[in-house]
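Take a look at the structure set out below.
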Amino acid sequence: MSQGTPKGLWILVVMLFPLHFVLHVGFGLGESAPDLLTIGLLLTAREVGIGGASLVGLLFGLVEDSLTVLAFGANSVTMTVIGVFGAFTRDLFVGDSRLFVFSYFLAGKWMRDLLHWMVMGQEFRQPFVEQVLVEGAPAALYAALVGMGLVTLMGLVRNQ
Amino acid sequence: MVAYTPEPERIGRNHQIRFALAVVVVSAGVSYLPEAAQQRIALSVQATVLRPFIATQELFADARMRSSQTELLLRDLDSLTSVTSTQSALVDENRTLRGLLGLGERIGPSYLPASVLRPGTAGSESMFLVDVGYEDGVRTGAPVVGPHGLLGQIRDVQPGIAVGIDWTHPDFRASAMLVDGEAFGIVENVRGAFREQDQLMLNGTAYNQLVGEGMLVVTSGLGGVFPRGIPIGRIQGIAEEQGSWRKSYWLQPNFQPGSATHVLVAVVNAPGDMADMWTDSLEAEEEDTGRGPEL
């Protein structure tokens, strides 16, 4: 996520939003498709500041919530907080190395699943071990790998 | 002397944090909006931002349909390639469509055939979309049925598309009775530790009522939500007893939500009694499986 090429990053983010819904809703792939919306939000959050990141998170979350009969609003809160978290990391970590970007995607996606589990009502969620650990950990790894692939493809990370 | 003021960069930062806090509060407030407002937001987003993606899913569902029909034609032409392991899904879909066709003929035009679409996003496990909507005569609360019985109910209706919940949704309730009309109760969803363990329970039946395993439970029509006579499931065993006045029974659902690809959706002025619509198919099913009531 080098500072000199924000244009490539914006192209990537604008592509990720429709791609996420094409894969999840259009093709009906469900969990087989990576969470590109969270990747897009995490990338945006590093660039737009805390206020903008929270707003983008809220909008992304509302769109996901509109496909949810169970616990409407859970995705809105989760994505907003993830946006804020992503923007805060800009103050804490300046790095744009491969290791940092991978860890950032991994932690961001895992935190998204954890928060979503916490915000959902007790009657709607699955057991913690299943939803956050058994399903959440591979999903976070999957998202981090895909995210790394995408930013590498767009030349947005340093080689070392 | 010029008074001390914070640096402009710091002021901007404080504005950002205040704005972010406001957005977090708004996002938290979304969960507490009235259900009608939440539905309005969801419908607006579905009709605008998500419309192309939902349309894409409809296109793919149609393409899958056409593809399966092509496969059926090829099977007729080439008997050597007809027996393959991959055809079991097509045969199953064909059986479903034949069942729906037979059921559709018996029910008449008051139920419309529709394809079931699943969003596949987090939290949408118990919901589905059907490709019929308001202008087709579908209204909120309309029952959704298949060749084996009740799948669920329509919750929101838009032009050309409607959103429904299946029986795995925590809000699902159906006033029900044994097919012989001897015992009445409420069928509700009981969440398991895992989604695969979700079950149906017939609740509130009289303690002394004889209810044997394998007996068919159908909608009773009481309350006016579902028409009378739609099969829901078969008695599997006693779930719980309260004192000596009430028993609950586990049900084996007739229609598994995962197998629903094509369904029938009720339109306005659909008949209130459907007791005879499933008789033939259920009798045939009993003959196939050797399953019947045990008293």
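Computed over heavy atoms, backbone and side chain alike; hydrogens, waters and symmetry mates excluded. The chains referred to below are lettered A, B, ... by the order of the sequence lines, with proteins before strands, and numbering in each begins at 1.
- No more than 12 heavy-atom neighbours from other residues, nucleotides or ligands sit within 6.0 angstrom of CH2 on Trp110(A).
- For Ala74(A), the part lying near chain B is the backbone, with the side chain staying farther off; criterion is any non-hydrogen pair under 4.5 Å.
- For the pair Phe72(A)/Ile41(B), a side-chain contact is recorded, criterion being any heavy-atom separation below 4.5 Å from C-beta on.
- Arg118(B) is linked by a side chain to side chain donor-acceptor pair (under 3.5 Å) to Asp166(B), counting only residues two or more places apart in sequence or in another chain.
- Residue contact with chain B, scored on non-hydrogen atoms closer than 4.5 Å, involves the backbone and the side chain of Val63(A) alike.
- Atom OG of Ser31(B) is separated from atom CG of Asn75(A) by 9.5 Å, given to the nearest 0.5 angstrom.
- By a heavy-atom distance cut of under 4.5 Å, not one residue of residues 128-139 of chain B is near chain A.
- Both the backbone and the side chain of Val24(B) come within contact range of chain A, with heavy atoms under 4.5 Å apart.
- The salt bridge (charged side-chain N to carboxylate O under 4.0 Å, His left out) contacts involving residues 138-154 of chain A comprise nothing, where partners must be two or more places apart or lie in separate chains.
- Using a 4.5 Å cut-off between heavy atoms, Leu50(B) touches chain A through its side chain atoms alone.
- Residues from residues 33-40 of chain B that place a non-hydrogen atom less than 4.5 Å from a non-hydrogen atom of chain A comprise Gln38(B), given in numerical order.
- When side chains are defined from C-beta on, Val77(A) does not count as touching Val30(B), because their heavy atoms never get closer than 4.5 Å.
- Side-chain contact between Phe19(B) and Leu55(A) is present, with heavy atoms from C-beta onward closer than 4.5 Å.
- Comparing Ser54(A), Ser32(A), Gly49(A), Gly73(A) by how many heavy-atom pairs each has under 4.5 Å with chain B, the most go to Ser54(A).
- How far CD1 of Ile54(B) is from CZ of Phe21(A): 10.0 Å, rounded to the nearest 0.5 Å.
- The OG1 atom of Thr80(A) sits 12.0 Å away from atom CG of Leu21(B), with the distance rounded to the nearest 0.5 Å.
- The CZ atom of Arg191(B) sits 12.0 Å away from the CZ atom of Arg125(A) when rounded to the nearest 0.5 Å.
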